[in-house]
There are 2 protein chains.
Amino acid sequence: MQTVTNAPIARHFEAGMLSRAMAAQGRRSCGVGSVRVLEKDEELFAEGDPAVFFYRVTEGVIRTSKLLSDGRRQIDAFHFPGDVFGVEAGDEHRFSAEAATAATVIAYRRRDLDELHFDETFSREVLDAVMHALERAQRHMLLLGRKSAIEKIATFLVDMAERLDGDDAIELPMSRLDIADHLGLTIETVSRSLTELERKGIIHVPASRRTIVLRDKAALARLNG
Amino acid sequence: MQTVTNAPIARHFEAGMLSRAMAAQGRRSCGVGSVRVLEKDEELFAEGDPAVFFYRVTEGVIRTSKLLSDGRRQIDAFHFPGDVFGVEAGDEHRFSAEAATAATVIAYRRRDLDELHFDETFSREVLDAVMHALERAQRHMLLLGRKSAIEKIATFLVDMAERLDGDDAIELPMSRLDIADHLGLTIETVSRSLTELERKGIIHVPASRRTIVLRDKAALARLNG
DNA sequence: CGCCATCTTGAGCAACCTCAAGTTGAGTGG
DNA sequence: CCACTCAACTTGAGGTTGCTCAAGATGGCG
């Protein structure tokens, strides 16, 4: 139910059940293994919705988040192409999912996961996927609970550089607000931290503020805490 | 790899493989399904240790945590009797585990998990267990990233009341420092928040400071954010 | 070219932390 | 049974970080 990059589960679905199911049904809009195209900020599901499907990102970025009653938001993860999310133990989604950019996902009917249970390697692959998501969540708890604003931003940039494998320049696909709500900061603090890192010569932020040039990855890594 | 209270996996082990393995080996000190007794603050495993075993608590409380290089600590979870923790996707433990109180755990050899893979219901049970842990982690990220000190304490007390099923009084099994490192606060702020809740008449803290009497659960729930 | 969402910057403030004393309860030994 | 000790906790004063509120800058897009 979180990010899983090396997603064997997804491959499994593609090669097997999904393509067959899609061929049988002859449709691409909804149902088993259906493709769903989302525009920026479109909602895929909300917290509390029945968890009928889980998803794999094929294009763009999905954010999953939780809200407090007064609107404060925590984005628990960004999901990139290949990542699987929305797998639930219970019958409801525990967070909401929206498109952080224009995005495309494939929806897998959750029921089929149960039916495919006889497949030996399959459930182990799902388990691995969820465990990787848990690992990510545990690292993020350390960040949220114990890192300073600058350290949070540094960690975030290093993580994004890995996931986007941008060698030295990365194109952030999400807004400052999304970054803030992921790192437990305000957009002002995100902005100020980026400015501070630039002042120190560790990064460079060109006029189109979505691009970040990593000038000194070693310094960033040191700032990780 | 986190707290799972309704642990079918543990039952499975007890009824099946574990007892047979223990009978065959005739020992209780280490190895498959062995019992391990820990005194307070004793370390069960450290971050980076090879993940040979995973564990189930039978007595006491185990804390799992991560450290930053300068010693800052984040306790990601407390594990109570019945909870399973230490299940890893990779070959290393991603956090350390110590006894928050005197505790007893049962160690299960991880290899046996792989061997038992043919068991249809088994891997699904492990998956559910890990997914419940992930749910807990996601709720905790919202707390760490977006709640105030008072809200964190209120959420913590409500959660502890559920898990210890203390009707209106709970006996906290962990120190203020452990609470602080779980909630992303300092011990002083934990103490002041408890005092503040007492001043408002929402809780009462008797002389033995480990006991908390919940006077107004509705108010606590409202403070959850 | 002009609009507008997004981002940055500034000033003041609040929440929480740090550092430093007190307080207290539980355990210990006489 | 009582004094003593010590870890754990509380309380206080002051500092720092990050937030709030407000205003400006800017680039993308029509």
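For the pair B:Leu197 CG and D:dT11 P, the interatomic distance rounds to 13 Å; values are reported in whole Å. We find that CG of A:Leu183 is positioned 12 Å from P of D:dG18, with the value rounded to whole Å. Here the C1' atom of nucleotide D:dT11 and the CZ atom of B:Arg199 are 15 Å apart, to the nearest Å. Counting to the nearest Å, the C1' atom of D:dT11 and the CD atom of B:Glu196 are 14 Å from each other. Separating the CD atom of B:Glu198 from the C1' atom of D:dC9 is a distance of 13 Å, rounded to the nearest angstrom. The separation between B:Leu194 atom CG and D:dA8 atom P is 17 Å, rounded to whole Å. Straight-line distance from the CZ atom of B:Arg176 to the P atom of C:dC16: 18 Å, rounded to whole Å. Atom CZ of A:Arg146 is separated from atom P of C:dC17 by 7 Å (rounded to the nearest Å).
Donor-acceptor pairing under 3.5 Å is lacking for the side chains of B:His93 and B:Glu47.
Neither OP1 nor OP2 of C:dC16 sits under 4.0 Å from any side-chain N or O of B:Thr189. Regarding contacts with the backbone of C:dT8, every side-chain N or O of A:Thr195 stays at 4.0 angstrom or more from both OP1 and OP2. OP1 and OP2 of D:dA8 both lie 4.0 Å or more from every side-chain N or O belonging to B:Arg210. For D:dT11, the OP1/OP2 oxygens have no side-chain nitrogen or oxygen of B:Ser191 closer than 4.0 Å.
Side-chain contact between A:Arg110 and A:Phe53 is absent, with no heavy atoms from C-beta onward closer than 4.5 Å.
Results of the salt bridge (Lys or Arg N to Asp or Glu O under 4.0 Å) test with A:Asp181 over A:Arg73, A:Arg63, A:Lys66, A:Arg176 single out A:Arg73 as the only residue that passes.
Under the 30°/60° scheme for interplanar angles, the aromatic rings of B:Phe54 and B:Tyr108 are found to be tilted.
Residue contacts shown for B:Leu185 are limited to sugar-phosphate atoms, with no base heavy atom under 4.0 Å away.
Smallest separation of non-hydrogen atoms from B:Arg72 and A:Lys147: NH1-CA, 4.0 Å.
Aromatic rings of B:Tyr55 and B:Phe45 (six-membered ring for Trp) have centroids within the 6.0 Å cut-off, being under it.
Put simply, the side chain of B:Asp168 never gets that close to the backbone of B:Leu214: no donor and acceptor are under 3.5 Å apart. At distances below 3.5 Å, at least one donor-acceptor pair connects side-chain atoms of A:Arg146 with backbone N or O atoms of B:Leu185.
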Output, in order, the C-alpha distance, side-chain angles, deciding distance and verdict of side chain to side chain contact (heavy atoms under 4.5 Å, CB included) for A:Val35 and A:Thr58. CA-CA 9 Å; A:Val35 171; A:Thr58 51; 5.8 Å; no
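Using a 4.0 Å cut-off on heavy atoms, the residues of residues 148-156 of chain B that approach DNA chain C are B:Ser148, B:Ala149, listed by number.
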Produce the list of close N/O pairs, under 3.5 Å, pairing protein atoms with atoms of nucleotides 19-27 of chain C; give distances to one decimal.
unit_1	atom_1	unit_2	atom_2	d
C:dC19	N4	B:Glu188	OE2	2.9

